[in-house]
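Working notes for the structure below.
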Amino acid sequence: MDHPTTVKILKFHAEKCKGCLECEKACSQVHFKTKEGGEKSAIRIMKTEKGYTMHVCDQRGLCLDMCPVGALTRRKNGVVWLEKDICIGCQACVGFCPIGAMRKSDVRIEPFKCISCGLCVRACPEKALELVEVPIADITQVVYYKLGA
Amino acid sequence: MVEGQIAIDEYKTGNTEHHWDLKKIKSVHKVLTTYSYKKGEVNKGYTNRTLYVNLSTGVIQEKPVTDEMKKKFTGGRGFGLKLLWDSIKPTTRWNSEENELLITMGPLCGTTQYAGSGKSLCLSVSPSTNIICDCNVGGFFGPYLKFAGFDALELQGKAKEDVVVVIDGEKATVSIETAPLEEINTHLLNDQLTQMYATENTDKSRQKVSVVSSGRAAEHSYWGCLNFSFYDIRRKVPRIKQAGRGGLGTVLRDKKIKALVVKVERFDGVSNHPADPVSLAKVGTKLHREIRNLDRYQCNMRAVGTGHLVEIMDTYDLLPTENYRFGSFPKASKIYSPKFYELFTKIIPDGCWHGCTMACAKTVDGYTVMTGPYKGEKVTVDGPEYETIGACSNMSIWDPLWILEFNFYCDTYGIDTISAGTAIAFYMEMYEYGILNKERCSGLELCFGNADASLELLHRIARGDTGEFIIVAAKGARRVKDWIIQNGWGEKQLVEDTGMESKGLEFSEYVTKESLAMQGGYGLTLKGPQHDEAWLIFMDMVNNAIPTFQMKAEALHYFPMWRTWFGLNGLCKLPWNDIEPVNNAETSEPSKVPEHVQNYVEYQNAMTGWNVTKEDLILQSERCYNWQRAMNVWMGRGQRKDDWIPFRAMGPVTEMEYVSRKERYDKQLVEKLGMSQKDVEKMTVRERLTVLYEFRRDQYKKLADAVYYRRGWTPNGVPTPQKMKQLGFTDKKMLKMLQDKIDADEKNGLNVWGGTYGKGEQPPSTEKRYWEKWK
């Protein structure tokens with residue numbers, strides 16, 4: 001089987017961000033058909049003393065091996081994808097994500113994550129977000145107890 | 001070896017592939033009975049009905065679960081006890097027509113968010129003990145049975161020919177079908193049935209089927225186990241977990257059941273319909289994080305499973321070696337967990353139910369079988385777990401590959417590795433003393449370390465060999481003791497003291513000689529010597545945290561009750577204390593893991609919508625625990641005499657054992673018995689042994705006294721009607737039976753303490769019939 005070799009991941013230009021959270025609102029529209037953002041967004045913008053930071057999945061795929069039912073796969077475009085209809089809501093991927101990027105909202109049992117769709121990039125009025133293509137080999141981490149999972 | 005981030009459909013085990021004509025095999029099935037039921041929904045963890053199947057008459061019916069039943073028996077093992085009480089008689093034995101095999105699961109079972117939430121509880125009258133044996137087991141069957149619509153499956157009667165019982169949650173039917181052509185041994189049968197009953201020819205569809213089976217050896221021995229399958233979509237094999245203890249597989253085959261099959265249409269993370277799914281997910285995720293962060297520094301379960309215990313037990317002189325004569329051995333490092341880690345295939349997740357991130361279920365794929373009918377085949381071996389490794393060290397087998405061989409054949413033949421290993425270790429010791437020999441062992445050279453002969457014994461049992469030894473040996477240590485004594489081959493006391501069984505069941509794999517509390521943990525139990533009620537060795541022996549009889553009795557009250565609670569709810573005990581919060585040692589009671597106890601309070605409340613406290617959890621258990629003990633009494637057991645354990649569990653039986661730990665024992669004669677060093681040196685080893693023997697036996701009796709009193713029982717170990725009433729029981733038949741028993745004990749002078757109390761010592765109560773004052 002042919003495996004993807006690259007994947008698009010989000011890059012954040014912190015110096016441009018003004019904290020309007022349009023990206024979160026766009027993201028929650030994708031996942032929950034609401035403009036609430038926040039807990040319902042896969043991308044989170046956090047305000048720190050030094051400015052804004054982005055918190056989002058980097059498609060490293062450590063969760064792939066955690067899924068007992070095969071709901072998590074790396075798609076042809078390289079994105080780590082959670083198939084909601086297969087997911088049985090165990091939260092193993094949520095608990096084991098080292099950067100907390102597999103997210104869970106109270107409104108449903110299945111988690112959700114960034115799918116590199118780019119809607120947040122388009123929603124950002126400051127052009128602080130960008131999708132960049134990176135080789136998967138550079139970001140992959142295997143689920144293996146010594147490596148943190 | 002492949003490790004990590006492999007696409008699910010690309011992993012290959014390298015196992016031998018079988019090509020069966022499954023259409024033909026299925027086409028000869030005769031459907032004997034079909035029952036259609038109305039699909040239901042699980043509500044707050046309960047389906048509110050149980051399923052009754054009679055194999056003799058073909059009657060299949062539903063029974064309601066009342067609120068009263070939930071209140072008194074909670075679920076799982078509690079429901080099993082209640083259903084048995086309503087169905088069997090005090091004279092019921094394992095092969096009686098009315099004996100039942102029950103599979104239940106409890107309200108929390110089937111949850112995917114909290115690790116260890118997929119346990120089934122199996123109950124039946126055991127061939128080994130003639131009382132109720134309860135086993136907990138992983139695999140998908142319990143959760144799927146619930147999602148298919150039932151809180152329990154009750155199997156009564158016997159089929160006339162080999163059948164499978166199929167519970168089809170998709171079509172909402174239950175059927176009994178003849179199954180003449182399927183294999184009997186598990187590794188083949190489970191594969192056949194999983195493929196046969198999957199709706200589609202896909203791995204995801206096969207994952208929605210679970211099978212319970214046993215094997216050929218279960219038909220000829222009292223060690224029969226139940227194998228519960230869980231289909232692994234990566235390895236593409238139905239993997240298995242065992243309800244091992246007490247011969248429940250023997251009961252399955254006696255009922256002529258080849259297998260039970262359950263299948264579900266679909267399920268998701270809230271199929272249990274918890275009252276508060278949000279809180280449930282939060283507490284579950286918290287535990288996942290804890291496991292992720294801490295397991296590799298604590299038990300390392302995710303890497304090596306329970307096998308991590310081998311090196312710890314060896315270090316503390318607790319690893320059973322040569323039939324528990326020793327607790328450590330120079331060759332033991334050959335079977336430490338890193339040796340198995342090399343063999344395990346590392347394609348996590350390895351939970352025996354979805355969402356269990358403890359992931360202790362390890363496998364070796366593509367293992368080449370070395371002996372017997374499957375010699376040369378490449379197979380997946382589930383395990384070995386600590387107990388299986390300990391069973392092998394007990395037989396002095398120190399080669400990981402032979403341990404895998406023993407593990408594989410025990411599983412596929414459907415026998416319990418613990419009982420088989422412990423019993424064979426005893427036969428080996430008898431062989432060493434010449435009490436048994438090649439002729440008496442039907443030609444087997446059963447000396448310590450002879451793995452080949454152990455395997456040959458298993459093969460001959462599975463074949464139904466009629467050698468006198470093979471027939472008796474397959475019934476376990478208790479029957480072999482009687483056989484040896486009847487034949488006058490060995491000194492009775494030596495035979496009784498070395499065969500490691502109590503109540504007819506073989507011990508599991510820990511050396512208890514230096515921990516009195518743990519001796520109680522094995523002996524003062526409901527079903528027999530199994531460590532699932534209490535594991536107190538470190539608390540007692542290493543940390544000396546419970547020095548008095550009263551403190552030991554408190555521990556032997558709290559921990560058995562606490563551990564019973566897992567079985568009422570369909571949970572695994574491991575995520576309670578085989579992972580601990582980082583600050584656990586700083587809490588007031590680290591051995592209880594208070595934060596995790598609180599997790600379980602929140603978990604049960606989130607599922608059921610109740611408002612329970614941690615004390616209520618213990619009360620739930622105490623009800624069922626006392627009920628089971630009372631049923632044992634009803635069946636003629638469950639008394640002081642039945643709680644006795646062989647001396648090998650209490651201390652050194654032979655001079656060799658004494659000499660091997662001479663310093664330790666000499667010191668105890670001085671410190672614990674007040675002898676002078678000079679006097680000790682004047683004594684022969686035999687004399688020293690005798691003094692220690694009497695002392696330790698008396699200590700055990702005193703422990704039993706303290707424990708019975710703490711549990712609210714008579715000095716003969718009988719639950720009192722007063723205690724039962726306190727627990728909320730009003731069942732007149734039960735209360736009268738207990739009162740009659742206590743009155744009979746009074747006449748026979750059995751309501752007296754067992755220990756010999758000297759100056760300055762007192763039994764737990766000096767009042768006669770102290771329980772009559774309880775209200």
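Just so it is clear: chains get the letters A, B, ... in the order the sequence lines come, proteins before strands, and each one is counted from 1.
For the atom pair B:Thr285 OG1 and A:Phe96 CZ, the distance stands at 11.0 Å (nearest 0.5 Å). Taking CD from B:Gln207 and CD1 from A:Ile88, the interatomic distance works out to 8.5 Å, rounded to the nearest 0.5 Å. A:Asp65 CG to B:Ile347 CD1: the interatomic distance, rounded to the nearest 0.5 Å, is 8.5 Å. For the atom pair A:Cys90 SG and B:Asp268 CG, the distance stands at 12.0 Å (nearest 0.5 Å).
Close approach to chain B, defined as a heavy atom under 4.5 Å from one of its heavy atoms, is seen in A:Lys104, A:Asp106 of residues 99-107 of chain A, taken by number.
Closest of all the heavy-atom pairs between B:Thr357 and A:Ala92 is CG2-CB, 3.6 Å. Taking every heavy atom of both residues into account, A:Gly95 and B:Arg292 meet most closely at O-CD, 3.4 Å. The heavy-atom pair separating A:Val94 from B:Arg289 by the smallest distance is O-NH2, 3.6 Å. Shown here for A:Pro68 and B:Gly355, the closest heavy-atom pair between the two residues is CG-N, 4.0 Å.
A:Arg108 does not touch chain B: none of its heavy atoms, backbone or side chain, sits under 4.5 Å away. Proximity to chain B is limited to the side chain of A:Ile109, based on heavy atoms less than 4.5 angstrom apart. When heavy atoms are compared at a cutoff of 4.5 Å, B:Lys286 does not approach chain A at all.
Sorted by first and then second residue, the salt bridge (Lys or Arg N to Asp or Glu O under 4.0 Å) pairs with a member in residues 198-211 of chain B read B:Asp203-B:Arg206; sequence neighbours excluded. The side chain to side chain donor-acceptor pair (under 3.5 Å) contacts involving residues 118-132 of chain A comprise A:His13-A:Glu130, where partners must be two or more places apart or lie in separate chains.
Listed options B:Tyr114, B:Phe267, B:Tyr231 were ranked by heavy-atom pairs under 4.5 angstrom with chain A; first place goes to B:Phe267. With chain A as the partner, the residue from B:Ile8, B:Asp232, B:Ile233 showing the most heavy-atom pairs under 4.5 Å is B:Ile233.
When side chains are defined from C-beta on, A:Cys93 does not count as touching B:His288, because their heavy atoms never get closer than 4.5 Å.
Among residues two or more places apart in sequence or in another chain, the side-chain contact (heavy atoms from CB on, under 4.5 Å) test is passed with B:Pro107 by B:Tyr46, B:Asn569, B:Thr608.
Shown here is A:Asp138, whose CG atom has more than 12 heavy atoms of other residues, nucleotides or ligands within 6.0 Å.
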